[in-house]
Amino acid sequence: MKPVDIHQGDSPIVLGLPHTGTYVPDEIKARLNARGLGLDDTDWHIDRLYDDLLSGATTVRATFHRYVIDANRDPSGASLYPGQNTTGLVPLTDFDGHDIWETLPTEAEIEDRRAAFHTPYHAALNAELSRVHARHGVAILYDCHSIRGDIPFLFDGTLPDFNIGTNLGATCDPRIEHATRETCDNATGYTSVLNGRFKGGWTTRHYGQPQTGIHAIQMELAQSTYLAQEAAPWIYDQNKAERLRVHLKSILTKLADLAPTLKGAS
């Protein structure tokens, strides 16, 4: 199993998909408990949701599950949200705080997983951002995520539908943030927030270097916006998804149109 799937396009937009994969090697699967084997914390169907929304977009998708190793965490293991409940480079619990392992991974095993999965994913993502930047003089990484809207272990209350993360504006030109927020705020029937509970994961923070011409923004969607329910069997709701895709397409189109104006703007 390849750790990463790549589709090269000619647009200045690169879609990162770190959490849609469900592959777990047999030797790792054997160490998960029944709860872990449910893979509940997958970003279910996000690749399908974004499919063909923007002609020419490059996609970089991790095929492995985040319980193997989380492609959106600092490879050093440092926490993205110090002092808050979260999951680590190799999660020891699920999003509800429940154990997922019968046998915990050792440090040596984590290092092996980092080399086999995390490193190849980011090597591919870095290569595609560099290729796109060389072609256009600018690259915009749009990191695609989703999560259940009610998870008391991680956050209070119910999550808004659109959760935009730019690490408080540090990871992209303000016009990217504005264009994305404008579309979300004007999406009838949806709620949105900028840099709320999710301010952008390691991917967004690591690659988002506007001064170099590489911009990054994260979109965390509440799964209620496109799933029949936020529970197994995690069914994709075609009607919900099509309503949502209109707004996602608008965001990506705006960002692609904006990209040429960002060249040399650092």
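Side chains are part of it too, since the values below use all heavy atoms of this structure and drop only hydrogens, waters and symmetry mates. These figures come from a predicted structure and were not determined experimentally.
When side chains are defined from C-beta on, H65 does not count as touching H19, because their heavy atoms never get closer than 4.5 Å. M219 has its side chain out of reach of N163: every pair of non-hydrogen atoms, C-beta onward, lies at least 4.5 Å apart. Within the 4.5 Å cutoff, the side chain of W234 has heavy atoms near those of the Q223 side chain. L49 places a side-chain heavy atom less than 4.5 Å from the side chain of L244. Contact annotation: the side chain of W101 approaches that of V90 to within less than 4.5 Å [non-hydrogen atoms, C-beta and beyond]. Within the 4.5 Å cutoff, the side chain of I235 has no heavy atoms near those of the H45 side chain. Taking the side chain as every heavy atom from C-beta outward, I217 and T204 never approach each other to under 4.5 Å. Counting heavy atoms from C-beta on, the side chains of H98 and F153 never come closer than 4.5 Å.
The salt bridge (Lys or Arg N to Asp or Glu O under 4.0 Å) analysis of residues 193-218, with sequence neighbours excluded, yields no pairs.
At distances below 3.5 Å, not a single donor-acceptor pair connects side-chain atoms of H118 with backbone N or O atoms of N72. One N or O on the side chain of D74 and one on the backbone of S76 form a donor-acceptor pair closer than 3.5 Å. Between the side chain of T42 and the backbone N or O of W44, no donor-acceptor pair lies under 3.5 Å. Side chain of T212 to main chain of Q209: a donor-acceptor pair is present (N/O by atom type, distance under 3.5 Å, no hydrogens or angles). Q218 places a side-chain N or O within 3.5 Å of a backbone atom of G201 that can act as its donor or acceptor partner. Counting only distance, with no hydrogens or angles, the side chain of R113 and the backbone of A108 share no donor-acceptor pair below 3.5 Å. At distances below 3.5 Å, at least one donor-acceptor pair connects side-chain atoms of T191 with backbone N or O atoms of D161. In this structure, D51 contributes its side chain and D47 its backbone to no donor-acceptor pair below 3.5 Å. Judged by distance alone, with hydrogens and angles left aside, the side-chain atoms of N167 form no donor-acceptor pair with the main-chain N or O of T171 at under 3.5 Å. Not a single donor-acceptor pair under 3.5 Å links the side chain of D237 to the backbone N or O of L227.
Residues I251 and C184 approach most closely at CD1-SG, 3.8 Å, considering heavy atoms. The minimum heavy-atom distance between L17 and D143, with the atom names listed, is N-OD1, 4.4 Å. Looking at every heavy atom in both residues, F117 comes nearest to P3 through CD2-CB, 4.1 Å. Across all their heavy atoms, A216 and G208 have their closest contact at CB-CA, 3.6 Å. When all heavy atoms of H133 and I214 are compared, the pair lying nearest together is CD2-CG1, 4.0 Å. Contact detail for S11 and V132: the closest heavy-atom pair is O-CG1, 3.6 Å.
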Criterion side-chain contact (heavy atoms from CB on, under 4.5 Å) on T180 and C172, from CA distance to verdict: CA-CA 11 Å; T180 304; C172 65; over 6 Å; no
Chi angles and distances behind the salt bridge (charged side-chain N to carboxylate O under 4.0 Å, His left out) call for R35, D94: CA-CA 8 Å; R35 193 171 188 98; D94 64 12; 2.5 Å; yes
Trace of the side-chain contact (heavy atoms from CB on, under 4.5 Å) decision for I100 with T93: CA-CA 5 Å; I100 58 173; T93 71; 5.6 Å; no
side-chain contact (heavy atoms from CB on, under 4.5 Å) evaluation trace for V24 with Y67: CA-CA 8 Å; V24 181; Y67 292 170; 5.6 Å; no
K249 vs L54, side-chain contact (heavy atoms from CB on, under 4.5 Å): CA-CA, chis, key distance, verdict: CA-CA 7 Å; K249 182 180 180 68; L54 181 68; over 6 Å; no
Derivation of the side-chain hydrogen bond (donor to acceptor under 3.5 Å, both in side chains) call for R48 and T20: CA-CA 10 Å; R48 179 178 177 183; T20 67; over 6 Å; no
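Under the salt bridge (Lys or Arg N to Asp or Glu O under 4.0 Å) criterion, D43 pairs with R66, not counting sequence neighbours. Partners of R31 according to the salt bridge (Lys or Arg N to Asp or Glu O under 4.0 Å) rule, which considers only residues two or more places apart in sequence or in another chain, are E109.
For the residue pair D185 and S192, a side-chain donor N or O sits within less than 3.5 Å of a side-chain acceptor on the partner. A donor and an acceptor atom, one from each side chain of T59 and Y50, are nowhere located under 3.5 Å apart. Looking only at atom types and distance, the side chain of T158 has a donor-acceptor partner in the side chain of D150 under 3.5 Å away. For the residue pair T63 and D5, no side-chain donor N or O sits within less than 3.5 Å of a side-chain acceptor on the partner. Defined by atom type and a distance below 3.5 Å, a donor-acceptor pair is missing between the side-chain atoms of T58 and Q8. For the residue pair T225 and K240, no side-chain donor N or O sits within less than 3.5 Å of a side-chain acceptor on the partner.
One finds a salt bridge joining R148 and D41 here, because a Lys/Arg side-chain nitrogen approaches an Asp/Glu carboxylate oxygen to under 4.0 Å.
With rounding to the nearest 0.5 Å, the separation of CG in D112 from CD in E107 is 11.5 Å. With rounding to the nearest 0.5 angstrom, the OG atom of S130 is 9.5 Å from the CG atom of L125. Once rounded to the nearest 0.5 Å, the distance linking CG of L194 with OG1 of T166 reads 5.0 Å. Taken from NZ in K254 to OG1 in T183, the straight-line distance is 3.0 Å, to the nearest 0.5 Å. Summarising the geometry, atom CZ belonging to R245 is positioned 10.0 Å from atom CG belonging to L252; distances are rounded to the nearest 0.5 Å. Residue I13 holds its CD1 atom at 9.5 Å from CG of L141, rounded to the nearest 0.5 Å.
Centroid-to-centroid, the aromatic rings of H122 and W202 come within less than 6.0 Å. Ring centroid separation for the pair F64 and Y23 does not come in under the 6.0 Å cut-off. Proximity of the aromatic rings of Y207 and H215 is defined here by a centroid distance below 6.0 angstrom, and this criterion is not met.
Under the 4.5 Å side-chain contact rule for hydrophobic residues, L168 and I164 do not share a cluster. Grouping the Ile, Leu, Val, Met, Phe, Trp and Tyr side chains by contacts below 4.5 angstrom, directly or via other members, places F95 with F198. Clustering ILVMFWY residues whenever any of their side-chain heavy atoms sit less than 4.5 angstrom apart, transitively, puts L221 in a cluster other than the one holding V246. Both I110 and L32 are part of a single hydrophobic cluster, where members link through side-chain heavy atoms under 4.5 Å apart. Under the 4.5 Å side-chain heavy-atom criterion for Ile, Leu, Val, Met, Phe, Trp and Tyr, L53 and Y226 are members of the same hydrophobic cluster.
By the neighbour-count criterion of 12 heavy atoms within 6.0 Å, atom CD of Q238 is densely surrounded, having more than that number from other residues, nucleotides or ligands.
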